[in-house]
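Structure record follows, encoded as structure tokens.
Throughout, a chain's letter reflects where its sequence line sits, starting with A, and its residues are numbered from 1.
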Number of protein chains: 2
Amino acid sequence: MAYHHGDLRRAVLDAALDVIAADGPSAISLRDLARRAGVSHAAPAHHFKDKAGLLTAIAVEGNELLAESLAEAIAEDRTRLIDLGVRYVRFAMEHPGHFAVMYRPDLYHRHAPELVTAREHTGKLLRGTVQLLTGDQSARLTQLAAWSAAHGFATLALAGNLDKTIGEQDPAELFRALAGVMFVDHGTIER
Amino acid sequence: MAYHHGDLRRAVLDAALDVIAADGPSAISLRDLARRAGVSHAAPAHHFKDKAGLLTAIAVEGNELLAESLAEAIAEDRTRLIDLGVRYVRFAMEHPGHFAVMYRPDLYHRHAPELVTAREHTGKLLRGTVQLLTGDQSARLTQLAAWSAAHGFATLALAGNLDKTIGEQDPAELFRALAGVMFVDHGTIER
DNA sequence: CGGCAATCTTGTCGTTGACAAGATGCTGCC
DNA sequence: GGCAGCATCTTGTCAACGACAAGATTGCCG
């Protein structure tokens, strides 16, 4: 049996993300992930300590990926609040495994320092941008409203609760239409 | 050991709802629930077949409770769309165990006939009312928007993701304020 | 070249979900 | 009244899992 897999950590993460995307977080088993990677049943524990540790790593990575996407939006010309929402939904669709874990703190070590750091970074980015777009008096409520809408839509879509409703459409574009119905316009980041 | 618990089915359901509300659906164990009810480890299986069966029963009950609350809203005077949303959020807060299961079809038997029936009933009630309130041209998008917002807010609040933001406030009332920021007014059911 | 830390294996324990087989108590029917 | 049959519950068992401990292997750094 060859020692040193190469990048076992990455392999286990990827396998876990596949399983979660397909069958939800409750379907993962460390022993199964080990089998998929071709290593012994206790090997993953070395990289993640325990099951919650694995999910913590996924949550951290998810926050980083989301932060990247938000930063991209901010760097673009003519960004509007709705674009942030669309990006949030698109992130959920493109990274269903990450998304299914990130907002379920019962699944992971919610106080792990790396996670706290990553979450705060993403949160500040989001809050800052919304504030920039809305002016700060109604910012708190507007931010909550936008987050709720995007999060709710993504959650319902991913869990398959909208299957009958949306059919073949791209969920992120459907969300754009939906948000148009919903929100008063909140200005643009021009440059 | 006394046979015939009295109402084991109810006792197990209630214990399960407590555990789920406290620690999420992944924290339940049939054997633990059996211990709490003071019966042998295989007794719950007789009533629910398996773990997914127990969660299916919870999802059914949740749909029925939500339908009741929606029906109440419709029977009231001067119901507005926002009131439906507030009720949805309030339902989630008052029945966190049910809510945490209902929209996670990976956890239960999504094609169980009783569940399909209950879900369709709730869905029709909701769709019908929204259509009544909005007129039917934009009904589909508006319904999705409203559902997304209420569902997202409830989900985030229940998972503890809003703890810092909302503090001591009643989440349902906060949602009312938030929805006011967000939605164009959609008329009232007068009588 | 030697030691040392990172990585992985092997072995084990208690817990769980699922299933099978049997015990118990209720209910309706003659 | 008694018995047949069914719902309810128990006991026993199995494979899988998460966690932990102890040991093996490897590569790297001095």
Look at the side chain of T56(B) and the backbone N and O of H109(B), then say whether any donor-acceptor pair between them is shorter than 3.5 Å. yes
Any side-chain N or O of S29(B) less than 4.0 Å from the OP1 or OP2 oxygen of dG17(C)? yes
Classify R35(B) by what it touches in the nucleic acid, base, sugar-phosphate, or nothing, heavy-atom distance under 4.0 Å. sugar-phosphate
Could you tell me whether the side chain of T122(B) and the main chain of A118(B) form a donor-acceptor pair under 3.5 Å? yes
Listed nucleotide nearest any side-chain atom of D50(B), set dC9(D), dA18(C), dA19(D): dA18(C)
So does S69(B) get a backbone contact from the side chain of R87(B), meaning a donor-acceptor N/O pair under 3.5 Å? yes
Heavy atoms, side chains only, cut-off 4.5 Å: are L156(A) and W147(B) in contact? yes
Check whether any side-chain N or O of K49(B) sits under 4.0 Å from OP1 or OP2 of dG17(C), and answer yes or no. no
How many Å lie between CG on L55(B) and P on dG17(C), as a whole number? 11 Å
Return the 5'-most residue of the pair L8(B), R31(B) with respect to DNA chain D, ranking by each residue's nearest nucleotide. L8(B)
What is the separation between atom CG on D7(B) and atom C1' on dA7(D), rounded to the nearest whole Å? 14 Å
H46(A) side chain near dT7(C) phosphate (N/O to OP1/OP2, under 4.0 Å): yes
Heavy atoms only, 4.0 Å cut-off, all strands: where does I28(B) land among base, sugar-phosphate and nothing? sugar-phosphate
Heavy-atom donor-acceptor pair, N63(A) side chain to A59(A) backbone, under 3.5 Å: yes
Report the nucleotide, chosen from dG17(C), dC8(C), dT10(D), that has the shortest atom-to-atom distance to any side-chain atom of L30(B). dG17(C)
Report the nucleotide, chosen from dC20(D), dT10(D), dA18(C), that has the shortest atom-to-atom distance to any side-chain atom of A42(A). dC20(D)
note: F48(B), atom CZ; dG17(C), atom P; distance rounded to Å ~ 14 Å
Sugar-phosphate only, base, or nothing, as touched by H41(A) at under 4.0 Å among non-hydrogen atoms: base
Send over the distance from K51(B) NZ to dT15(C) P, rounded to a whole Å. 16 Å
Rounded to whole angstrom units, what separation is found between the NE2 atom of H47(A) and the C1' atom of dG18(D)? 17 Å
